There are 2 protein chains.
Amino acid sequence: MTYNYNSEDKLLLAVDCIIFGFDQEDLKILLIKRNFAPQKGRWSLMGGFLHKEENLDGAANRILSSLTGIRNVYMEQLHAFSDVDRDPGARTVSVAYYALINIEDHSKKLTQHYSAQWFSLSDFPELIFDHNEMVQHAIQRLRYRTSTKPIGFELLPERFTMRQLQKLYEAILNEELDKRNFINKIHALDILNKLEEKDMNSSRKGSFLYQFDQEKYQKKTAEGFSFKL
Amino acid sequence: MTYNYNSEDKLLLAVDCIIFGFDQEDLKILLIKRNFAPQKGRWSLMGGFLHKEENLDGAANRILSSLTGIRNVYMEQLHAFSDVDRDPGARTVSVAYYALINIEDHSKKLTQHYSAQWFSLSDFPELIFDHNEMVQHAIQRLRYRTSTKPIGFELLPERFTMRQLQKLYEAILNEELDKRNFINKIHALDILNKLEEKDMNSSRKGSFLYQFDQEKYQKKTAEGFSFKL
DNA sequence: CCAAAAGTGTTTGTACTACACCCATGT
DNA sequence: ACATGGGTGTAGTACAAACACTTTTGG
């Protein structure tokens with residue numbers, strides 16, 4: 001006997017992306033104004049539907065790049081949202097993803113060409129469907145992941161100052177951190193390269209730039225090191 | 001303009017459950033032998049398909065109870081698995097769940113009536129499709145969750161000894177723990193009730209029974225306490 | 001010379017680790 | 001009397017938290 005797959009319900013599988021960015025001060029998410037019914041005119045996450053010939057990671061990347069032009073960024077599957085009435089237009093289940101991008105690389109094009117807009121996490125509009133819930137999930141996951149994996153760097157320029165890094169973690173964790181303790185911790189991890197060059201924008205004295213050393217991190221990881229902040 | 005949902009692909013959404021049990025020694029998973037094609041005769045997780053009128057949590061519970069008779073146990077969504085060829089019978093996406101059950105409550109009926117079988121995590125058969133990968137994910141999640149939430153108790157009888165609790169955590173973490181340190185840690189959490197009664201099966205002297213105090217835990221949690229093991 | 005941010009160590013307390021002996025009981 | 005598992009405390013170490021002053025330089 002072969003299982004009769006035909007007797008089972010088929011449905012639409014959506015993918016929605018929470019796109020995080022960081023503007024040196026606040027953690028932000030990228031939203032678009034929906035230009036079709038239902039819920040036309042309201043703010044929404046970037047979304048689309050899974051095609052038969054791709055997997056979810058592929059769909060998430062396709063949707064991200066078609067709606068924002070963004071490619072090759074950190075993405076991670078979050079959770080499947082499946083309430084029966086979540087989308088009044090049709091019975092859909094949505095798998096949420098979150099992405100981390102360096103806001104400076106993309107800012108211009110996004111707002112102009114794609115009519116997407118950045119909103120601070122502390123003040124963003126009501127979203128359609130269950131997208132608010134997705135964002136809350138994403139923040140939780142981001143907090144956990146950034147304190148156990150070195151993915152926070154994805155939100156910063158390639159070269160960054162200690163101050164920027166600290167501000168980033170403060171924004172993610174939503175709490176203030178002690179400057180000396182933070183720097184000591186980062187130094188102890190020993191996965192950054194200190195550059196000769198200074199960033200002269202933020203102060204008269206200037207502050208040294210650092211970059212994440214991917215190779216060193218992987219080597220240490222292979223030897224049993226694990227990132228913990 | 002209304003979005004044309006009809007132009008999008010529809011597909012089958014499966015739910016597969018990793019069911020964990022603990023037999024005083026080893027962590028185990030419950031498997032069934034598939035009695036239909038494709039892959040008839042091979043071992044598989046408990047699975048089924050999402051119906052239109054239910055959400056995923058509902059489907060997971062329905063599938064669990066229809067295949068095993070088990071109800072009202074701890075379940076948590078794990079991850080969506082979506083490779084295009086994951087199920088050769090049809091294009092499906094599967095959302096994996098894991099469940100924790102007290103093995104003693106269910107053992108008999110399961111093996112007899114439902115022809116399900118327990119396998120030790122250290123020695124279980126090759127599974128169909130991507131089910132092996134699902135099990136690996138589930139173990140990771142279980143390790144994380146049991147060290148940050150008091151859900152390990154779901155795998156034990158309501159009343160248990162310290163030794164049992166320690167053995168459970170050793171099985172989950174797959175490492176030996178120091179008896180005194182473990183007990184000190186548990187006592188420091190202060191979320192168990194020590195009963196007057198002793199369990200006389202394991203030794204001549206007998207060992208005190210404890211139970212998890214859900215109310216106390218919730219009260220402490222509300223006051224800022226967080227479980228950490 | 002002053003304002004503004006960068007950079008830098010030490011002390012104190014807390015949490016984790018390692019470790020060994022006596023107790024109670026059934027046979 | 002002895003074998004079996006149950007129960008208990010402390011000392012040492014490592015990690016986390018609190019904390020304040022000096023440096024640099026553009027205006």
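Residue numbering restarts at 1 for every chain, and letters A, B, ... go by the order of the sequence lines. The model shown is predicted, which means the values in this text are computed figures rather than measured ones.
Counting to the nearest Å, the C1' atom of dA15(C) and the CG atom of Leu229(B) are 13 Å from each other. What separates NZ of Lys198(A) from C1' of dA6(C) is a distance of 7 Å, to the nearest Å. If you measure from atom CG of Leu209(B) to atom P of dG6(D), you get 12 Å, rounded to the nearest angstrom. If you measure from atom CE of Met200(B) to atom C1' of dT27(C), you get 14 Å, rounded to the nearest angstrom. At whole-Å resolution of the value, CG in Asn184(B) and C1' in dT17(C) are 11 Å apart. Separating the CZ atom of Phe208(A) from the C1' atom of dT8(C) is a distance of 13 Å, rounded to the nearest angstrom. Lys179(B) places its NZ atom 8 Å from the P atom of dG7(D), with the value rounded to the nearest Å. Going from atom CG of Asp199(A) over to atom C1' of dG7(C) covers 15 Å, rounded to whole Å.
When distances are taken from the side chain of Asp178(B) to each of dG6(D), dC19(C), dA6(C), the shortest belongs to dC19(C). Comparing dG9(C), dA5(C), dG6(D) against the side chain of Ser202(A) picks out dA5(C) as the nearest. In the set dG6(D), dT27(C), dT8(D), dT27(C) carries the atom at the smallest distance from any side-chain atom of Arg204(B). Closest contact between the side chain of Lys194(A) and the listed nucleotides dA20(C), dA6(C), dT8(C) involves dT8(C). When distances run from any side-chain atom of Asn181(B) to the nucleotides dT8(C), dA6(C), dC19(C), the shortest one goes to dC19(C). Across dA17(D), dG7(C), dC19(D), the shortest atom-to-atom separation from the side chain of Ser207(A) is found for dG7(C).
Ring planes of Tyr98(B) and Phe20(B): perpendicular class, angle over 60° (limits at 30 and 60°). Taking the six-membered ring where the residue is Trp, Phe153(A) and Phe160(A) present parallel rings, their angle staying beneath 30° rather than reaching 60°.
Under 3.5 Å, the side chains of Asp105(B) and Asn102(B) contain a donor-acceptor pair of N or O atoms. Donor-acceptor pairing under 3.5 Å is recorded for the side chains of Asp57(A) and Tyr97(A). Using modelled atom types and a 3.5 Å distance limit, the side chains of Tyr74(A) and Glu76(A) yield a donor-acceptor pair.
Looking at Lys205(A), its side chain comes within 3.5 Å of the base of dT23(D) through a donor and an acceptor atom.
Positionally, the nearest nucleotide of DNA chain C for Thr161(A) lies more toward the 5' end than for the other of Lys185(B) and Thr161(A).
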